[in-house]
Amino acid sequence: LQSRLSPASSAIPDSKGGEFMLAAPSGFFAAVAPKLVLTSSADAQAIVEIAGLGWVHAVDISSNAATVVELPSAALLDRLQTEAIESKGIHVVANREVSAYLLLDGFASGDATISFPVDALGPEYLVESYPASCALGCQPSQLSIVAIEDNTTVTITPSLDVGDSTDRRLAGEPFDVVLDAGQTYKLQGGGFTAGPGFTPIGLSGTEIVANASVAVYGGNPETFVPEVGAADVLLQQLPPLSTWGTQYVSIPLSGRTGGDTFRILASKDQTLVSINNEVIATLDRGEHYEVILSEPSVFTANAPILVTRFGHGGEFDSPGAPQDPSVTTGDPLMMSLVPTEQFDFEFVAESTSNGINDHYLSIVTRDNGDATVTIDGVPLDASGFVPIGDGTFRGMSLQVSPGTHVISSTAPMSVEVYGFGNYDSYGYSAGSRMSPVGHVAAISLSPPVATRLPGSIHTAVASVRDADGG
C-alpha cells in the first residue's frame, strides 16, 4: 500500500513531514492504549504500517482536522524487558505534509509526544528522562530507539551502570546495538535510594551516536514528579542534538498552583546556564540542572541546551491530601520546550485524551506586542498576553474545548498542548522548525582595517563560521 503514496517533502525542516518512523514506548500498566493522531492544513492521505506485526491501515485526513488511529496494543514495546530488540517500528507515509502525535491513552496513566518526520531526525542525541522517585511502584527511567535504515549501528554511552550482574553496561563505556529499519531497542536504568538527601538517578545525559538517522525517546514507564504522588507514565520523542538552541521561554501550566519542574541538559562542557538573566549553573556535556519554577521564565546559555518541562504529581499542589478534583487535577507529564530559534507560525493540534476534563494551550510569541494570534480564526485579546523577560516575548495560557485547533500567528511562536484529569494528564509541543542551529565560532572581516574619506563608499566582507567550519 505504501508504494501508492509518494512522501511529501519540505524545503525547510520542521515537525511536519511526509514520512515518519515511530516507536511506542510502553507505560507500566498494560491497559495503556497507543494512538496516533494525524493532522494537516490540507486534505491528505496516509498509510500507517507496522511491518513486524503485519498491520497496515490507510487513513484520510481532512483539512484542519485530526484523524485518530488506534494502534494495536502489540505495538507497545515490551514493558518488562530491557535491551529487547523488536520489530515494532510504526511507519507513516503521507502524500502531503502532516503532523503526527503519539498518545498513550489509559485511565489515570497517559502522556503524549510530538513525532518528528524522517527528514528532521539525526544521528546524535543526548537523552533526557526522569528517574524512579519513589520506593514502591516507581519504575527505572527508560530510553527507546527506532532505526530508519538497515544495518544501523547505534553506539550508546550510558550515564550510569545499567543491567544485571551477568550483562552489565557500565557508565561511560560505549556499547553498540545494530538495528535494521523498523527495529526498536529499549534500555532501562536507575533506581530509588531511600534516606535523607537521596538523589534519584536515571538515564539523563546518556549519549547516542549512530551511523544513520534514528528516532529516540526518553521518559519513564511510571514515576512521581518530583517525589510526590501520584505516579504516571512520561513520554517524549527527543530532538536531535543539531536542533537544540541557546534560548527557551516558558510560562506556567494552567490548572496547577505549585509550578513545574524543569531540567536543563548541556551539550558542551563549561556551559553557563541562566534563568531570567541570573547564572544558575555551569554544566558539562550530559549534565543537567533541575529547578521548580512558578513564574514565566527565559532560559539562556552560551552553548546549545535542551530544556524539558515536567508536570507534577497530582498531590504536589496539596501535599498530604488526596487530590480534590474541585481544587486541582493533573499528574506527571513531560514536554521538551522549543528553542526560540525554532519557533514557527502555524500549528494544527488536537486536544484529546481519555479521562481528561480540562484542556489547555500555552502560547509564547516573539514580538513586542504587535503580533496577532488566532485560534480557529478568532484573534486572541492582546491584553491577555503577559510580557516575559525584557518584553521580547509574550505568553498566554488558556483553556480550550476538546478537539482540533488551528493556532496561527503573525510572529514566530511556540505552542504547548496539554490537559488534566483526576490523577491524569497529557502534554506535547504542537510543533517547531527543525533546522540545524548554527553557532558562531569565529567572525572575520576583510579588510580588517581601512581608512576612507568622508562621503566615500567602502565595501567590507564579513565571514561567519560555526564550530564545524561551515
Side-chain angles (χ1 to χ4, degrees), residues 1-2 4-10 14-20 22 24 33-49 56-72 75 90-105 110-117 120 237 335 338 344-363 372-380 398-410 413-419 421 426-434:
L1 283 176
Q2 291 198 346
R4 301 177 188 175
L5 293 179
S6 297
S9 60
S10 171
D14 58 18
S15 57
K16 299 183 288 292
E19 183 179 15
F20 298 78
L22 318 176
K35 297 180 180 179
L36 180 65
V37 180
L38 300 174
T39 69
S40 178
S41 59
D43 291 346
Q45 295 176 311
I47 303 293
V48 184
E49 180 178 14
V56 183
H57 188 70
V59 296
D60 292 320
I61 307 162
S62 299
S63 171
N64 295 332
T67 295
V68 179
V69 180
E70 296 195 6
L71 302 171
I90 305 164
H91 192 203
V92 181
V93 174
N95 64 343
R96 291 184 180 272
E97 286 207 318
V98 301
S99 295
Y101 310 102
L102 180 66
L103 176 65
L104 299 184
D105 200 3
D111 202 0
T113 181
I114 188 171
S115 300
F116 300 128
Q237 182 169 354
M335 289 188 285
V338 173
D344 213 337
F345 294 89
E346 183 174 86
F347 307 104
V348 182
E350 176 74 3
S351 297
T352 182
S353 186
N354 180 42
I356 298 298
N357 304 317
D358 302 313
H359 302 270
Y360 301 93
L361 300 176
S362 286
I363 302 169
T372 298
V373 181
T374 64
I375 296 180
D376 303 327
V378 179
L380 295 178
L398 68 159
Q399 191 165 1
V400 296
S401 60
T404 309
H405 300 287
V406 181
I407 309 101
S408 301
S409 175
T410 57
M413 66 174 172
S414 69
V415 176
E416 292 176 314
V417 185
Y418 57 100
Y426 75 93
Y428 65 90
S429 165
S432 69
R433 297 288 180 93
M434 296 292 291

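Since this is a predicted model, take the numbers as computed values, not measurements.
- From S40, atom OG reaches atom CD1 of I61 across 6.0 Å, with rounding to the nearest 0.5 Å.
- Interatomic distance, H405 NE2 to L398 CG, rounded to the nearest 0.5 Å: 9.0 Å.
- Between the CD atom of Q237 and the CZ atom of F116 there is a distance of 5.5 Å, given to the nearest 0.5 Å.
- You'll find the side chain of T113 stays beyond 4.5 Å of the side chain of D111, heavy atoms only.
- Between the CG atom in L380 and the OG atom in S409 there is a gap of 9.5 Å [rounded to 0.5 Å].
- Under the side-chain contact (heavy atoms from CB on, under 4.5 Å) criterion, S99 pairs with K16, T39, Y101, not counting sequence neighbours.
- Summarising the geometry, atom CD1 belonging to I47 is positioned 11.0 Å from atom NE2 belonging to H91; distances are rounded to the nearest 0.5 Å.
- By the salt bridge (Lys or Arg N to Asp or Glu O under 4.0 Å) test, E416 pairs with R309, sequence neighbours left out.
- With sequence neighbours excluded, the residues satisfying side chain to side chain donor-acceptor pair (under 3.5 Å) with Y418 are S362.
- For D60, the side-chain contact (heavy atoms from CB on, under 4.5 Å) partners at least two apart in sequence or on another chain are Q45.
- With sequence neighbours left out, the side-chain contact (heavy atoms from CB on, under 4.5 Å) criterion links A100 to F20, L36, L38, S115.
- For residues 35-46, the pairs satisfying salt bridge (charged side-chain N to carboxylate O under 4.0 Å, His left out) are K35-D105, with sequence neighbours left out.
- For R433 and D344, the salt-bridge test passes: some basic side-chain N is under 4.0 Å from an acidic carboxylate O.
- Under the side-chain contact (heavy atoms from CB on, under 4.5 Å) criterion, T374 pairs with T372, P379, S408, sequence neighbours left out.
- Scored by the side chain to side chain donor-acceptor pair (under 3.5 Å) test, T404 finds E350 as partners (sequence neighbours excluded).
- Inter-residue side-chain proximity for L361 and V417 is flagged as met; some heavy-atom pair is nearer than 4.5 Å.
- Residues satisfying the side chain to side chain donor-acceptor pair (under 3.5 Å) test with N64, not counting sequence neighbours, are none.
- Using a 4.5 Å cut-off on side-chain heavy atoms (C-beta onward), V69 and V92 make no contact.
- No donor-acceptor contact under 3.5 angstrom links the side chains of E70 and H57, judged on distance only.
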